[in-house]
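The next block holds one structure in the form of structure tokens; read it before the comments.
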Amino acid sequence: MQRWSQHPERPDGRKGSARLVQHALSENERNKILEIANSPEYCDLSPRRIVPALADMGIYLASESTFYRVLRANNCISHRQRWKAPTKREKPALVAKQPNQVWSWDISFLRSTVRVRFYYLYLFMDIFSRKIVGWEVLEREDSAAAASILRSACMLEGVSREQLTLHADNGAAMKGSTMLATMHWLGIVPSFSRPRTSNDNCYSESLFRTLKYSVQYPDTPFKNLDEARSWVTEFVHWYNHENLHSGINYVTPNERHQGKDAVKLAARHSVYEMAFRQNPKRWRRGVRSWEYQNVVFLNPTNETTWSEKKLRHLS
């Protein structure tokens with residue numbers, strides 16, 4: 001290090017490996033591997049199939065690992081099958097600036113007294129207000145049933161055509177022909193999560209976590225379908241009208257859905273300002289912000305996060 005720093009013009013004097021690999025492949029052998037692996041007869045086969053096939057013909061060039069190494073070094077191993085090459089799915093990014101603009105839905109299991117039997121809970125929610133806009137408990141998972149619940153929810157909420165985007169995962173009920181046809185008929189834009197990426201449907205997953213970890217959730221399985229529906233009815237009423245949701249600054253989903261949360265948050269801010277004026281020394285970090293959240297993102301990126309900050313600054 002001292003010699004390098006004092007004389008940077010000198011060449012690198014470090015000695016490399018003096019070991020000569022006697023069994024290394026020659027250039028002709030590498031070219032032969034590439035020629036055979038890319039030939040019309042073997043271009044669609046993996047090295048694990050090429051090597052045994054050559055051995056049956058009395059030919060041995062190299063092992064499977066050497067085939068892979070040579071092909072990888074020449075960018076010939078990325079995709080050698082007939083089926084469609086894997087493609088990178090784009091991250092779904094949705095923005096909601098008002099109620100009934102972006103909904104999210106999913107299906108969860110509710111335990112029954114029969115060990116291998118479950119009840120299926122369908123839940124549709126508005127990601128802007130977090131309100132549950134539609135639900136049902138059924139004995140099976142069905143695309144037609146989901147479409148019926150969606151139609152009823154759109155009718156109750158007064159959703160018009162080309163107004164709503166509905167996000168879901170890649171389940172059979174979500175991508176069923178009846179569900180997709182109903183969405184097309186209602187003018188709803190479909191949105192789907194990436195395969196095996198549960199975080200893309202984070203609002204519905206969080207809602208199910210709140211449901212199953214609430215103190216009201218029964219410790220024993222549901223005896224029948226009516227009991228399950230009765231409990232979910234009570235939970236939905238509590239969640240929409242009594243639950244102070246942490247994701248929307250501790251107002252109820254129904255208040256935010258009806259546009260009443262801005263007045264409530266402004267009143268809270270006034271209370272905190274009054275307490276601050278009475279004893280400012282207790283507030284070392286200033287008054288807590290009860291800011292109105294005017295935009296909600298599904299899977300925010302760096303660009304959407306910056307846009308959110310800009311919108312809040314302008315508001």
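Worth knowing before you read on, the calculation uses all heavy atoms, side chains too, and leaves out hydrogens, waters and symmetry mates.
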Legend entry - Aromatic contact, Y120 with F109 (centres under 6.0 Å):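 Between Y120 and F109, the centre distance is under 6.0 Å.
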
Quick check against the 3.5 Å criterion: does [X] have a side-chain atom that pairs as donor or acceptor with the backbone of [Y]?
X    : Y    : value
R130 : H257 : no
R48  : E64  : no
Q101 : Q98  : yes

Legend entry - Reported CG-to-CZ distance for the pair N201 and F192, which is rounded to 0.5 angstrom: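 N201 CG to F192 CZ: 11.0 Å, rounded to 0.5 Å.
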
Legend entry - Closest approach of R117 to S112 (non-hydrogen atoms, all atoms of both residues):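 Looks like O-OG, 2.6 Å.
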
Inset, instruction - Search all heavy atoms of H167 against all heavy atoms of S191 and return the closest pair with its distance. - result: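 H167 and S191 have their closest heavy atoms at ND1-OG, 2.9 Å.
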
Inset, instruction - Evaluate the side-chain proximity of V295 to F297: yes if any heavy-atom separation is below 4.5 Å, no if none is. - result: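 Yes, at least one pair of side-chain atoms sits under 4.5 Å.
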
Inset, instruction - Decide yes or no for L207 and Y239: does some side-chain heavy atom of the first lie under 4.5 Å from some side-chain heavy atom of the second? - result: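 Yes. Closest side-chain heavy atoms under 4.5 Å.
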
Legend entry - Crowding at NE2, H241 (>12 non-hydrogen neighbours, <6.0 Å):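 More than 12 within 6.0 Å, yes.
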
Legend entry - Other residues, nucleotides, ligands: >12 heavy atoms within 6.0 Å of W185 CH2: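 Counting other residues, nucleotides and ligands, CH2 of W185 stays at 12 neighbours or fewer.
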
Legend entry - Sole residue of K131, K260, K264 in side-chain hydrogen bond (donor to acceptor under 3.5 Å, both in side chains) with E255: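 The passing option is K264.
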
Inset, instruction - Kindly confirm or rule out a cation-pi arrangement of R229 over W231, judged by NZ or CZ under 6.0 Å from the six-membered ring centre and within 45° of its axis? - result: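 No, R229 and W231 do not form such a contact.
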
